[in-house]
Amino acid sequence: MTNELSPLEFDQKHLWHPYTNVTKPGPTFVVKEAEGVHITLDDGTRLIDGMSSWWCMMHGHRNAEITAAIHEQLDRLPHVMFGGLTHDPAIDLGRKLLEITPESLTRIFYCDSGSVSVEVAMKMAVQYQHAMGFAGRSEFATIRSGYHGDTWKAMSVCDPDTGMHHLFQGALSVQHFVSRPPIRYGQDWSDVSSENGLAELREVLEAGRDKIAAFILEPVVQGTGGMYFYHPEYLNQVRHLCDELGILLIFDEIATGFGRTGALFATDLTTIEPDIICLGKGLTGGHISFATTLTNDRVAEGIGGGTPGIFMHGPTYMANPLACVAAKAALDLLTGQDWAARVQAISKQMEQELAPARNFANVADVRVLGAIGVIEMTHQVSADAAHARARDLGVFLRPFGKNIYTMPPYITSEDELSQITAGMLLLAQEL
């Protein structure tokens, strides 16, 4: 009988967690509540959430303004279909998004999650090319070491060899991959195309110009693919190349959006704008699942002028009013403060406090950009081993691959951030 099991026993016997072996579940904690930067376990232990709960909780847990907006909306209109109907929360959020996102992106499609926003972007690109008379352009180009989500089409543009989804390669669409940009963020840019990665990219795009609908990549920061930071000039040059060949440019800013890199969007570190941008994670401050895909008039009106004229996507919970008011409140919180100064302070402190790791054995690199701090090891690091140390450290960290990293909430205090970085240093010495 399941009622005879403790909550954690039931969880481990019946609930399947992400990226987990159900026959050998690692350390798992029962969280009873969360507030600010802390999560509180069932035994009363408080842990600093050094992951912002997978990078989304930028204002901390249970933010008063965001939860109040959700409560107020819940009493009026929890949900209504978006087909043929609209509502103020969707409109108000749309106005706010147009205030802060790249100027050319004027058409907003609300989505359920980050992975879905990538699916929507890819469908937009294919449908646009079809409407323009290029029915053969249904494939995609991207850079290696990227990650774009766990849904079917999104998986096809994740790294085919080292990514989490390589075992599905025989079933996924075959896409066009080039090496990740070789010049790192902060290094001097080289105009030599064989040195900056653009020669290889041109060769692939020119060879596939009749098949490729769009070039999709994470701008400046590759997240789950390895926390790799590359030179923004690569993106400026990519824009010109895509325009030359009639290929759309998609930026996946799900992880980098809303100030995480030190710019409001990683796009702002460039001099160009993409045709399509995907946003999620921090959009609602992590309080409810939501995402959006924005595009320009050229793409939207191109789809509208083709056959069948309508965009072929429509999630049941699209533009959910609760999510819309949460997102509006989260964005008002962000833009109503000097977020850039706060992120800069976090960045400076992490630079100083993570620097000693450069002298540790088995540390390959230490890097910081905005509110992203990374210790890259020379070997794979166990998330289970890190979880087992969480109570002792007072910090919840979840390494992946070779990276021990943090994306702390923006409200993290200096002392709390020092506790996070100290935990990272200990893990780098022990794991």
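Treat the numbers as computed from the prediction; the structure is a model and nothing was measured. All values below were derived from every heavy atom in this structure, side-chain atoms included, with hydrogens, water molecules and symmetry-related copies excluded.
Arg62 contributes no side-chain N or O that, together with a main-chain N or O of Thr67, makes up a donor-acceptor pair within less than 3.5 Å. Side-chain atoms of Glu301 do not come within 3.5 Å of backbone N or O of Arg298 as any donor-acceptor pair. Of the possible polar contacts, none joining the Asp392 side chain to the Arg389 backbone as a donor-acceptor pair under 3.5 Å is found. Not a single donor-acceptor pair under 3.5 Å links the side chain of Glu416 to the backbone N or O of Ile48. Panel note: side chain Thr270, backbone Ala266; no donor-acceptor pair is recorded below 3.5 Å.
Looking at Lys402 and Thr378, their side chains never bring a donor and an acceptor atom within 3.5 Å of each other. Side-chain contact, Ser382 with Asp384: no donor N or O sits under 3.5 Å from an acceptor N or O. Side-chain contact, Ser138 with Gln129: no donor N or O sits under 3.5 Å from an acceptor N or O. A donor-acceptor contact closer than 3.5 angstrom is absent between the side chains of Gln344 and Ser347. Side chains of Thr106 and Asp297: a donor on one and an acceptor on the other come within 3.5 Å. Side-chain contact check for Ser115 and Asp150: no donor-acceptor pair (N or O, by modelled atom type) lies under 3.5 Å. A donor-acceptor pair shorter than 3.5 Å cannot be found between the side chains of Glu33 and Thr40. With 3.5 Å as the limit, one finds a donor-acceptor pair spanning the side chains of Glu119 and Thr151. With 3.5 Å as the limit, one finds a donor-acceptor pair spanning the side chains of Asp49 and His61. In this structure, a donor-acceptor pair under 3.5 Å is present between the side chains of Thr267 and Glu253. For the residue pair Lys281/Ser52, the side-chain donor-acceptor check at 3.5 Å is not satisfied. Between the side chains of Thr23 and Asn21, at least one donor-acceptor pair of N or O atoms lies under 3.5 Å.
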Take Ser145 and Gln222 through the side chain to side chain donor-acceptor pair (under 3.5 Å) test and state the conclusion after the steps.
CA-CA 7 Å; Ser145 300; Gln222 290 186 302; 4.6 Å; no
Begin with the C-alpha distance, continue with both residues' side-chain angles, and end with the deciding distance and a verdict on salt bridge (Lys or Arg N to Asp or Glu O under 4.0 Å) for Arg95 and Glu99.
CA-CA 6 Å; Arg95 293 184 193 278; Glu99 286 179 12; over 6 Å; no
How far apart are the C-alpha atoms of Gln187 and Arg184, what are their side-chain angles, what is the distance that settles it, and do they pass the side chain to side chain donor-acceptor pair (under 3.5 Å) test?
CA-CA 6 Å; Gln187 292 181 333; Arg184 291 175 178 258; 5.6 Å; no
List the steps and the verdict of side chain to side chain donor-acceptor pair (under 3.5 Å) for Ser418 and Gln349.
CA-CA 8 Å; Ser418 291; Gln349 185 177 346; 3.0 Å; yes
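Note that CD of Gln419 is 9.0 Å distant from CG of Asp415, once rounded to the nearest 0.5 Å. Residue Arg260 holds its CZ atom at 9.0 Å from CE of Met58, rounded to the nearest 0.5 Å.
Checked against the 6.0 Å centroid threshold, Phe215 and His176 do not count as a close aromatic pair. Aromatic ring centres of Phe265 and Phe258: separated by under 6.0 Å. Remark: aromatic rings of Tyr405 and Phe400 are close, center separation under 6.0 Å.
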Please tabulate, for the side chains in residues 366-373, all donor-acceptor contacts under 3.5 angstrom to protein atoms that are two or more places apart in sequence or on a different chain.
{"from": "Arg367", "atom 1": "NE", "to": "Met227", "atom 2": "O", "distance (Å)": "2.7"}
{"from": "Arg367", "atom 1": "NH1", "to": "Asp365", "atom 2": "OD2", "distance (Å)": "2.8"}
{"from": "Arg367", "atom 1": "NH1", "to": "Glu376", "atom 2": "OE1", "distance (Å)": "2.7"}
{"from": "Arg367", "atom 1": "NH2", "to": "Gly226", "atom 2": "O", "distance (Å)": "3.0"}
{"from": "Arg367", "atom 1": "NH2", "to": "Met227", "atom 2": "O", "distance (Å)": "3.0"}
{"from": "Arg367", "atom 1": "NH2", "to": "Glu376", "atom 2": "OE1", "distance (Å)": "3.0"}

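A parallel orientation is assigned to the rings of Tyr230 and Tyr228, their planes being inclined by less than 30° (bins at 30° and 60°). Taking the six-membered ring where tryptophan is involved, the planes of Trp189 and His231 are tilted, since the angle between them lies from 30° to 60°.
Taking a 6.0 Å sphere around CZ of Phe311, one finds it holds more than 12 heavy atoms contributed by other residues, nucleotides or ligands. At most 12 heavy atoms of other shown residues, nucleotides or ligands fall within 6.0 angstrom of atom CD in Glu414. No more than 12 heavy atoms of other residues, nucleotides or ligands lie within 6.0 Å of CD in Glu103, so this atom counts as exposed by the packing criterion.
Of the options Leu248, Ile277, Ile276, Asp275, a side-chain contact (heavy atoms from CB on, under 4.5 Å) to Asn296 is made by Asp275 and by none of the others.
Pairs passing the salt bridge (Lys or Arg N to Asp or Glu O under 4.0 Å) check and including a residue from residues 339-361, sequence neighbours excluded, do not occur.
Comment: Lys328 engages Asp332 in a salt bridge, judged by a side-chain N to carboxylate O separation of less than 4.0 angstrom.
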